[in-house]
Amino acid sequence: EAQVTQNPRYLITVTGKKLTVTCSQNMNHEYMSWYRQDPGLGLRQIYYSMNVEVTDKGDVPEGYKVSRKEKRNFPLILESPSPNQTSLYFCASRIGTDSNQPQHFGDGTRLSIL
Amino acid sequence: GNSVTQMEGPVTLSEEAFLTINCTYTATGYPSLFWYVQYPGEGLQLLLKATKADDKGSNKGFEATYRKETTSFHLEKGSVQVSDSAVYFCASSGYSSASKIIFGSGTRLSIRP
């Protein structure tokens, strides 16, 4: 089954404790992206990747890192999480770099930073 | 730059009512337009899309027509069901094919039995 898988689905942690949210897709997609969803703000893009070893900042990259060492994986790293990063996070992928193609989303990761 | 504006929610309707969720866009060039749906506890799923002016996207009884003259892509359904309760996002492709997709802020829809 074609899917985007995120882990964990839920995490409660404390300020300053490094965490990684993993994202994996099995569709051989070139493009992958991370979003955060906050009430009233819709989805805002954090980082995206056009292909292996190619990543770039989205609209709200501060406090986040990503890597794309393999095509299928695109982990999101919070080196020193803070409470303002409490949010619902989504990973997405699409077949190529053309934004006219639809994206496929994971089921989300709800992070709470205390 | 490109932007998407959709009606604020929440929208509450009775089952079998007619639904319209408004969406307008600003864009350089001719973007593709999308509606995504997010059911509780899940990620976004593509509901329908349209790639050029006057195209009509449709799926699961929902429709939306790409109107260039009014820069709109309103979502409609003739008779909603309780199972349609979800958050709906309008989205536009970016100013070039290699750029990102732009999402509206989402509209929460609740259907009463």
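Treat the numbers as computed from the prediction; the structure is a model and nothing was measured. Each chain gets a letter, A, B and so on, in the order its sequence line appears, and its residues count up from 1.
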Chemist: If I take atom CZ from residue A:Phe105 and atom CZ from residue B:Phe89, how far apart are they, to the nearest 0.5 angstrom?
Modeler: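 Going from CZ on A:Phe105 over to CZ on B:Phe89, the span is 9.0 Å.
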Chemist: Against chain B, work out which of A:Gln6, A:His104, A:Gln37 has the most heavy-atom pairs shorter than 4.5 Å and name it.
Modeler: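 Answer, by heavy-atom pair count under 4.5 Å with chain B: A:Gln37.
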Chemist: Can you name the nearest heavy-atom pair linking A:Asp38 to A:Ser87, along with the distance?
Modeler: OD1-OG, 2.8 Å
Chemist: Side chains of A:Gln101 and A:Asp98 only: does a donor on one sit below 3.5 Å from an acceptor on the other?
Modeler: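 There is no such pair (donor and acceptor under 3.5 Å, judged by atom type) between the side chains of A:Gln101 and A:Asp98.
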Chemist: Assess the residue pair A:Thr55 and A:Met50 against the criterion (side-chain contact (heavy atoms from CB on, under 4.5 Å)); give the C-alpha distance rounded to whole Å, side-chain angles, the decisive distance to 0.1 Å, and a yes or no.
Modeler: CA-CA 7 Å; A:Thr55 63; A:Met50 296 281 206; over 6 Å; no
Chemist: To the nearest 0.5 Å, how far apart are CG in A:Asp56 and OH in A:Tyr48?
Modeler: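 The OH atom of A:Tyr48 is 4.0 Å from CG of A:Asp56, to the nearest 0.5 Å.
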Chemist: Can you tell which part of A:Gln103 gets under 4.5 Å to a heavy atom of chain B, answering side chain, backbone, both or neither?
Modeler: both
Chemist: To the closest 0.5 Å, what do you measure between CZ (A:Arg94) and CD1 (B:Ile101)?
Modeler: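 If we round to the nearest 0.5 Å, A:Arg94:CZ and B:Ile101:CD1 are 7.5 Å apart.
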Chemist: Can you tell me which portion of A:Arg44 sits under 4.5 Å from chain B's heavy atoms? Options are side chain, backbone, both or neither.
Modeler: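 No part of it gets close to chain B.
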Chemist: For A:Ile113 versus A:Gln85, what's the shortest heavy-atom pair and its separation?
Modeler: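 A:Ile113 and A:Gln85 have their closest heavy atoms at CG1-C, 4.2 Å.
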Chemist: Output the residues of residues 8-23 of chain B for which the shortest heavy-atom distance to chain A is under 4.5 Å, in residue-number order; output 'none' if no such residue exists.
Modeler: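 So far as heavy atoms go, nothing in residues 8-23 of chain B approaches chain A to under 4.5 Å.
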Chemist: Can you name the residues of residues 31-59 of chain B that have some heavy atom under 4.5 Å away from a heavy atom in chain A?
Modeler: B:Pro31, B:Ser32, B:Phe34, B:Tyr36, B:Gln38, B:Gly41, B:Glu42, B:Gly43, B:Leu44, B:Leu46, B:Lys49
Chemist: Which heavy atom of A:Ser93 sits nearest a heavy atom of A:Val4, and at what distance?
Modeler: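 In this case the closest contact between A:Ser93 and A:Val4 is OG-CG2, 3.6 Å.
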Chemist: Rounded to the nearest 0.5 Å, how far apart are CZ of A:Phe90 and OG1 of A:Thr109?
Modeler: 8.5 Å
Chemist: Which atom pair, heavy atoms only, marks the closest approach of A:Pro81 to A:Leu19?
Modeler: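 Answer, listing the atom of A:Pro81 first, then A:Leu19: CG-CD2, 3.7 Å.
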Chemist: Taking all heavy atoms of A:Met32 and all of A:Arg72, pick out the closest pair and write down the distance.
Modeler: CE-O, 3.8 Å
